[in-house]
Amino acid sequence: MSPADAFDAFHRESHARLLRQVYAYAGTADVAHRALDGAYASAAQRWRSLAEDPGRDSWVRARAFRTASRFCDGRPDAERITARHTADPDQMLLRALASLPPGDRHLVVARYLADLDLPAAAQESGITGGSARRSLHAARERLRVAGVDSDPVKLTMALSRLGGDLPAPPDGEAARLWHAGTSRRRSLQLLAGAVTLVVAVGVPILTAAETRDPRAAGSLAASARSGSPTTVAPPRVGRAELATVQTVATADPERVWRSTSTSADFGASRLPHRCLSSPTQETAQHYWVKSFSTRSPNAPTTVTQTLEVDPTSRAARAAYEAQRTAYASCGNGSKVVAVRDLQGAGDAASLVTLEWVDGRGVQREQVAVGRSGRAVTTLLVQAPAQRSPRTARLARLLGKSVDRLCSDAGGTCTGPQYRTSSRVPPPEPTAPGFLSTVDLPLFEGLSEPWVSTRPAATSQNPAATECDQADFSAAGAAPVRTRSFVVPSERRLPDVFGITETVGTFASVDKASAFVHGVTAAVSTCSDGRATLAVPSNRKVELSPGRAGLWQIDLRTSATRSLIFRVAFVRVGSRVAEVTFTPNAGHDVDAAGLRALAARTAQRLTQL
């Protein structure tokens, strides 16, 4: 067996066991992975002497514990203990372990999780044999006070449960660590010469990679000062890569900004947005939420950033798609005004504009979602209508946020320019080709959400008015389906208030066009000689895609009352939709609103 194969076999056999032990010591999965990877790379560097060493587990474990201490010590427990999927009792155990001095924590993990006898555990943890028993007793007492059952058998069982959901290393990880370790061994003489020159003449000598990463230079300098080789952990995204006040000022540079809160890793107590059913994907290794606000006593602008870090770029792609889909198809009473793909900001980016109604009226929110490598960041911007940032500013805000994390995330940074393109919101799985509640108009004073029926086959057309009398089935459309939208929880609305849509597909574009032409002609003449009917508005519009006829039809029901029907008759290729809105005096759309509804209807027809 070659040395590389032997190392691979050792890594494969020992990784899960050692990762659980380092996780118990470090208290956070990310630090455990980083520390253990560094220890394996160091083991590869010294593989000639470790290959046949029966104590190589102990060597790797001790090395990883020392590295983990450099990452963790001095940080509050709440920031160190951030396991994503760890059950509450295990969180308590991790916090209790974190409260122990490093030497005692090492002793506990080595004795009860690594299953070393006391002399071996004491030797590995650097505690002399005479005091090891006292240290272990004191550590168990502190764990007991912290609420952990410190009986040796119970403690061993509790420790063994830790880390059961830690992800396995990616394919090829052992080969990568072997290459890192052997490359380091081959360059020892070169590094030694460089350090000597730094000490002798004070001139920093760095490789090209180190020049790009200032942290590498700091690590080399630390190595030179200590006189011992230093393992430089691969770059990882952390809280430091979250946006700053200067970053979010891009959204509104004329105002004074401040940071209002930053969560611990997975420390956010609630979902950052009503559109989300879960804050992160199950694969997430880290998750932070940071909030900013302008210093405005009235109507401040706020920015909320979320940052999710996943174990691989593939997992991050899934997280990005989930986030974009959640916002672009947001229910809960929101209207999706626009969805745009953004090029030039990371590996993938999208901009979503949402509206909703509250006691202050119709509110607008802009969402920017970006992915770079293993990281996904989202920026939620809420601003008064008159200060809502334009698309260009929102793109720059996302670009600056991506630039803060792209290098460490192993992804793409910003390009020379930003380009946007419109995208249709995702269709409802059970209603492709139809409008969705996220497409419908919002009205001040009407905060209750639209509710839809499921599309159903029909031989009639409930969207038809007395004026157009559009009969899809008689004209040869097949299938013909319809659905309705109402606001059932708002009792102040009249029973007729609502929207009905009927969709039919014809055998050819010519047949669909002929049907639309006939209906349009009928509307143009329907009020002739009929005192109860009027068509005060009748116009044709070109859409992208398709075309539409937009009508207002007034039906007088008494000497003092009449019903208004606002109709959009839309054709895209061989597909035709009729959308009829019956408003009331306080909740109606203008010409621009009806055109916007027709445009979204055309976009939806492309999804059929």
Side-chain angles (χ1 to χ4, degrees), residues 14-36 39 55 57-167 264-267:
S14 63
H15 185 273
R17 176 175 66 251
L18 290 175
L19 180 60
R20 181 179 286 107
Q21 295 164 14
V22 182
Y23 175 56
Y25 180 87
T28 171
D30 180 58
V31 170
H33 277 287
R34 295 170 70 177
L36 187 56
D57 260 30
S58 180
W59 190 94
V60 172
R61 180 171 51 247
R63 183 76 176 221
F65 282 10
R66 289 197 298 272
T67 302
S69 292
R70 291 200 297 271
F71 282 118
C72 293
D73 288 350
R75 295 166 55 189
D77 289 350
E79 294 185 13
R80 289 200 282 134
I81 310 306
T82 57
R84 168 64 178 91
H85 303 296
T86 304
D88 287 343
D90 294 339
Q91 282 280 1
M92 181 179 68
L93 175 57
L94 287 172
R95 292 182 184 278
L97 289 168
S99 69
L100 300 177
D104 288 358
R105 193 186 329 143
H106 190 151
L107 183 64
V108 168
V109 173
R111 178 70 183 92
Y112 296 116
L113 185 54
D115 198 28
L116 299 183
D117 58 29
L118 184 57
Q123 181 179 4
E124 182 182 302
S125 59
I127 299 175
T128 59
S131 60
R133 194 173 300 278
R134 292 191 299 273
S135 296
L136 191 61
H137 177 77
R140 286 172 49 198
E141 179 62 20
R142 290 187 64 169
L143 293 176
R144 186 193 65 77
V145 172
V148 175
D149 191 335
S150 60
D151 174 80
V153 175
K154 298 288 184 61
L155 182 57
T156 297
M157 293 176 60
L159 288 168
S160 66
R161 286 194 299 266
L162 288 175
D165 51 6
L166 292 171
D265 198 1
F266 289 106

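We number each residue from 1, following the sequence as shown. Computed from a prediction, not measured in an experiment: that's the story for all the values here.
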Would you name the heavy atoms of [X] and [Y] that are closest together and state the gap between them?
{"X": "Ala132", "Y": "Leu107", "value": "O-CD2, 3.6 Å"}
{"X": "Ala98", "Y": "Arg105", "value": "O-NH2, 3.9 Å"}
{"X": "Ile127", "Y": "Gly103", "value": "CD1-O, 3.7 Å"}
{"X": "Val60", "Y": "Ala39", "value": "O-CB, 3.5 Å"}
{"X": "Asp117", "Y": "Arg111", "value": "C-CD, 4.1 Å"}
{"X": "Ala24", "Y": "Leu113", "value": "CB-CD2, 4.0 Å"}

- Query: Taking only residues two or more places apart in sequence, or in another chain, which ones meet Asp57 in a side-chain hydrogen bond (donor to acceptor under 3.5 Å, both in side chains)?
  - Reply: Arg17
- Got a donor-acceptor contact below 3.5 angstrom from the Arg20 side chain to the Leu162 backbone? yes
- Query: Can any side-chain N or O of Arg142 pair as donor or acceptor with the backbone N or O of Ser99 at less than 3.5 Å?
  - Reply: yes
- Item | Under the ring-ring contact (aromatic ring centres under 6.0 Å, His included) test, residues paired with His106 that sit two or more places apart |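 Scan of His106 (ring-ring contact (aromatic ring centres under 6.0 Å, His included), adjacent residues dropped) gives Phe65.
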- Message: Go through it in stages, so that I can follow the logic: the residues are Met157 and Asp149, the test is side chain to side chain contact (heavy atoms under 4.5 Å, CB included), and I'd like the CA-CA distance, side-chain angles, deciding distance and then a yes or no.
- Response: CA-CA 10 Å; Met157 293 176 60; Asp149 191 335; over 6 Å; no
- Excluding sequence neighbours, so at least two apart, what forms side chain to side chain contact (heavy atoms under 4.5 Å, CB included) with Ala96?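 Side chain to side chain contact (heavy atoms under 4.5 Å, CB included) check on Ala96 returns Leu143, Ala146, Val148.
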